[in-house]
Amino acid sequence: MNNVSNRDPILESLKEIIRTKNIRILFQPIISLKDGVLLGYEALTEGPEGNILENSTKLFSVARKYGLVSDVENICRKNTLLKTEGIKEKQKLFINIDPDTLFNQGFLRKFKDNFDDLVLFSKKNIVIELTEKLAVKDQELFKTLLDFYTGQGCKIAIDNLGAELNARTISSACYGYIKVDQCLIHGIDNDQLKLSLLEGIVKFAQKIDLKVIAEGIESEEELKILIDIGIDYGQGHFIAEPAENLVSDLDISQYINNNSVKNNSLVGVVIGELVKRQVSVSLDTKTNKVVEMFEGNDDLQEIVVLEDEMPVGLLMKNKIFSRLGTRYGYSVFIDRSVNLIMDKNPLIIDANTAIEKVSAEAMIRDVDNVYDCIIVTKDDKYLGVVSIKNLLDKFSKLKIEHAKNLNPLTNLPGNMMIEREVTERISNDKVFSVLYIDLDNFKAYNDYYGYKKGDEVIGYTAELLKEVVMHVGNKGDFVGHIGGDDFVIVTDPQKDELISQSIIDIFDLEIKKFFNKKDIEQGYIMSKDRQGNICKTPLVSISIAIVSNKDREICSHLKVSDIAAEVKKRVKKMDGSNYQRDLRRS
């Protein structure tokens with residue numbers, strides 16, 4: 001009786017789970033924040049539904065208490081690998097390994113055996129998640145572990161990157177990814193310290209060619225910030241909940257793609273603008289019919305193969321004729337379906353993809369396919385094709401035009417692109433605000449401190465405007481440099497005053513670093529006025545004139561400039577940094 005009464009029900013429950021291998025595996029999608037494409041899935045663990053050990057944290061805590069972590073881990077890995085059949089060829093499977101089992105030789109041996117027996121797709125698509133705390137704790141053992149897993153053909157992700165950041169470990173290891181812990185992601189849209197830290201991680205990762213994955217994305221606001229600062233991938237409940245089945249069609253994909261295009265596009269043009277509708281055939285079309293089509297039209301170089309309006313293959317004229325010209329090619333293919341001779345993996349791109357991204361993807365194809373046309377879809381339906389020649393010609397011209405219209409000092413868009421931005425919003429009947437930003441007393445500063453210091457102030461101001469717009473503005477806001485000390489921001493009316501006040505608050509605090517201590521203390525510099533008289537000139541401040549079409553009709557960019565000139569005269573008469581809006585109504 002005593003033996004029965006002394007039994008630990010939790011331990012018994014754990015033993016039963018291990019005996020029956022009753023551990024559930026859930027898959028949470030990881031998605032690109034650049035274009036909404038699914039990268040793969042993280043495999044998550046739960047105990048039996050309704051069981052006292054259903055929660056994975058408690059399951060592993062109890063297993064750790066009784067020295068059974070390796071047993072639980074082996075079941076997790078085996079159950080995970082048994083469910084890999086639905087994962088597509090290029091998708092990744094992220095697997096967590098508990099720190100307590102990392103150096104257990106028995107576990108490693110079983111892990112390798114599981115891989116050899118159960119993996120149904122390339123080991124190169126397995127990503128092992130290793131906690132960064134382990135790297136901090138024991139560098140030498142951590143490196144040994146890395147060698148083991150990479151020796152199995154796996155990639156590595158450094159997990160739980162948050163409060164601790166061991167740069168030496170990260171930079172010396174051959175990871176594919178670093179995963180930023182949800183503690184750093186949660187509330188990032190309202191936390192400047194977290195935002196600055198994450199921006200630093202992104203820049204660091206880019207320099208050593210790592211991809212950053214943000215965990216625990218819970219809101220649209222968090223997602224927007226992560227897209228803006230260039231995070232590569234994301235996961236979390238706002239992206240998709242963990243599920244026992246592999247979910248591939250995510251509603252959030254199109255949202256991400258639409259919100260990333262303008263931010264990621266150098267020249268602001270998407271591939272859909274270059275599309276040419278080309279000849280298409282159905283999947284059951286005979287090869288001899290396609291040959292007749294090519295021979296009857298010298299200009300026809302490609303034919304797209306469709307099934308239910310979706311592209312499933314590509315027929316390039318030169319390749320088809322080359323295959324038919326081989327010894328048995330003609331007799332094998334000529335009277336059979338094009339399904340046997342077509343390229344079944346052509347480059348298919350959504351119409352909203354920026355052309356520089358398309359160009360990059362096209363150029364990394366195999367040498368045999370690099371000059372094949374690109375198939376473009378809209379809502380997954382065939383839209384048309386773009387030839388490589390047309391893509392590269394357009395991209396080159398746009399890059400040249402873009403570069404010509406960037407201010408050489410600040411790299412911000414110049415007058416032509418400012419005009420285009422305002423005109424586009426007027427043409428599309430959008431409600432907008434334009435902030436005309438001007439530095440006060442800048443000429444006196446330039447004369448007193450020299451043009452080199454003056455350029456530093458201009459460069460600082462440009463960076464300040466971009467930072468403020470990114471943190472408190474909207475997706476798609478525009479920052480331009482008219483020239484000299486004049487700048488422009490185009491935003492939405494509900495954000496114009498917040499942006500203006502934020503610029504003033506930061507500028508007034510930080511501009512002092514461009515003055516010497518004496519001038520700061522006295523609050524002025526000695527300079528000459530227009531008549532050549534020596535006078536006291538206040539320190540540099542900033543004036544902002546706000547013009548909006550919210551309450552009045554504005555029909556051209558020239559009208560915006562005229563109104564802004566009037567408002568600027570008023571605001572520059574005020575002492576210090578200020579903003580003022582045009583208060584007239586239609």
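No hydrogens, no waters, no symmetry mates; every other heavy atom, side chains included, goes into these values.
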Quick one: does [X]'s side chain have a donor or acceptor within less than 3.5 Å of a partner on [Y]'s backbone?
X	Y	result
Lys34	Gly230	yes
Asn549	Phe432	yes
Thr80	Cys76	yes
Asp308	Met310	no
Thr287	Phe333	yes
Asp232	Val212	yes
Lys194	His186	yes
Ser427	Thr423	yes

Counting C-beta onward and ignoring hydrogens, is there a side-chain heavy-atom pair between [X] and [Y] closer than 4.5 Å?
X	Y	answer
Thr410	Asn407	yes
Leu223	Ile225	no
Ile320	Val338	no
Val305	Leu315	yes
Ile95	Val127	no
Asn22	Pro48	yes
Ser253	Leu38	no
Ile426	Cys555	no

_Polar contact flag, side-chain donor to acceptor under 3.5 angstrom, Asn390-Ser387_ = yes
If you take all heavy atoms of [X] and [Y], which pair is closest and at what distance?
X	Y	value
Gln235	Pro29	CB-O, 3.4 Å
Tyr382	Arg277	O-NH1, 3.0 Å
Leu306	Ser280	CD1-OG, 3.6 Å
Leu412	His481	CB-CB, 3.8 Å
Ile30	Tyr41	CD1-C, 4.3 Å
Gly234	Ile217	CA-CD1, 3.7 Å

*With Asp496, which of Leu435, Val490, Ile489 fulfils side chain to side chain contact (heavy atoms under 4.5 Å, CB included)?*
Leu435
*asked:* Just to verify, which of Ile348, Val385, Leu383 counts as forming a side chain to side chain contact (heavy atoms under 4.5 Å, CB included) with Pro311?
replied: Ile348
Within a reach of under 6.0 Å around [atom1] of [X], are more than 12 heavy atoms found that belong to other residues, nucleotides or ligands?
X	atom1	answer
Lys317	NZ	yes
Phe238	CZ	yes
Lys466	NZ	yes

So, taking the atom named [atom1] in [X] and the one named [atom2] in [Y], what distance separates them when rounded to the nearest 0.5 Å?
X	Y	atom1	atom2	result
Phe94	Tyr177	CZ	OH	5.0 Å
Leu33	Ile252	CG	CD1	9.5 Å
Glu309	Ser282	CD	OG	13.0 Å
Glu42	Leu26	CD	CG	11.0 Å
Asn318	Arg323	CG	CZ	12.5 Å
Ile213	Leu226	CD1	CG	12.5 Å

_Glu221: salt bridge (Lys or Arg N to Asp or Glu O under 4.0 Å) partners, not counting sequence neighbours_ = none
*asked:* List the residues meeting salt bridge (Lys or Arg N to Asp or Glu O under 4.0 Å) with Glu218, not counting sequence neighbours, and say none if there are none.
replied: none
*Output, in order, the C-alpha distance, side-chain angles, deciding distance and verdict of side-chain contact (heavy atoms from CB on, under 4.5 Å) for Ile23 and Glu46.*
CA-CA 6 Å; Ile23 294 178; Glu46 285 190 359; over 6 Å; no
Are [X] and [Y] ion-paired here, with the side-chain N under 4.0 Å from a carboxylate O?
X	Y	result
Glu244	Arg24	yes
Lys394	Glu273	no
Glu424	Arg420	no

*asked:* Run the side chain to side chain donor-acceptor pair (under 3.5 Å) test on Ser337 and Asp284 for me, step by step, so that the C-alpha distance in whole Å, both residues' side-chain angles and the decisive distance to 0.1 Å come before the verdict.
replied: CA-CA 5 Å; Ser337 165; Asp284 58 359; over 6 Å; no
*Kindly indicate, with the supporting measurements, whether the criterion side-chain contact (heavy atoms from CB on, under 4.5 Å) is fulfilled by Met342 and Lys344.*
CA-CA 6 Å; Met342 70 183 187; Lys344 296 179 181 179; 3.9 Å; yes
*Yes or no on side chain to side chain donor-acceptor pair (under 3.5 Å) for Glu241 and His237, after CA distance, side-chain angles and deciding distance?*
CA-CA 5 Å; Glu241 299 281 354; His237 294 298; 2.5 Å; yes
*Can you check side-chain contact (heavy atoms from CB on, under 4.5 Å) on Asp343 and Asn345, steps first, answer last?*
CA-CA 6 Å; Asp343 177 2; Asn345 294 294; 4.2 Å; yes
*Can you check side-chain contact (heavy atoms from CB on, under 4.5 Å) on Glu222 and Ile185, steps first, answer last?*
CA-CA 7 Å; Glu222 292 172 356; Ile185 302 303; 4.2 Å; yes
Using atom types as modelled, flag every donor-acceptor pair under 3.5 Å from a side chain in residues 367-381 to any protein atom, sequence neighbours excluded.
residue : atom : partner : partner atom : Å
Asn369  : OD1  : Lys319  : NZ           : 2.6
Asp372  : OD1  : Lys319  : NZ           : 3.3
Asp372  : OD2  : Lys319  : NZ           : 2.7

_Using the rule side chain to side chain donor-acceptor pair (under 3.5 Å), only one of Gln28, Lys179, Gln182 pairs with Glu215; which is it?_
Lys179
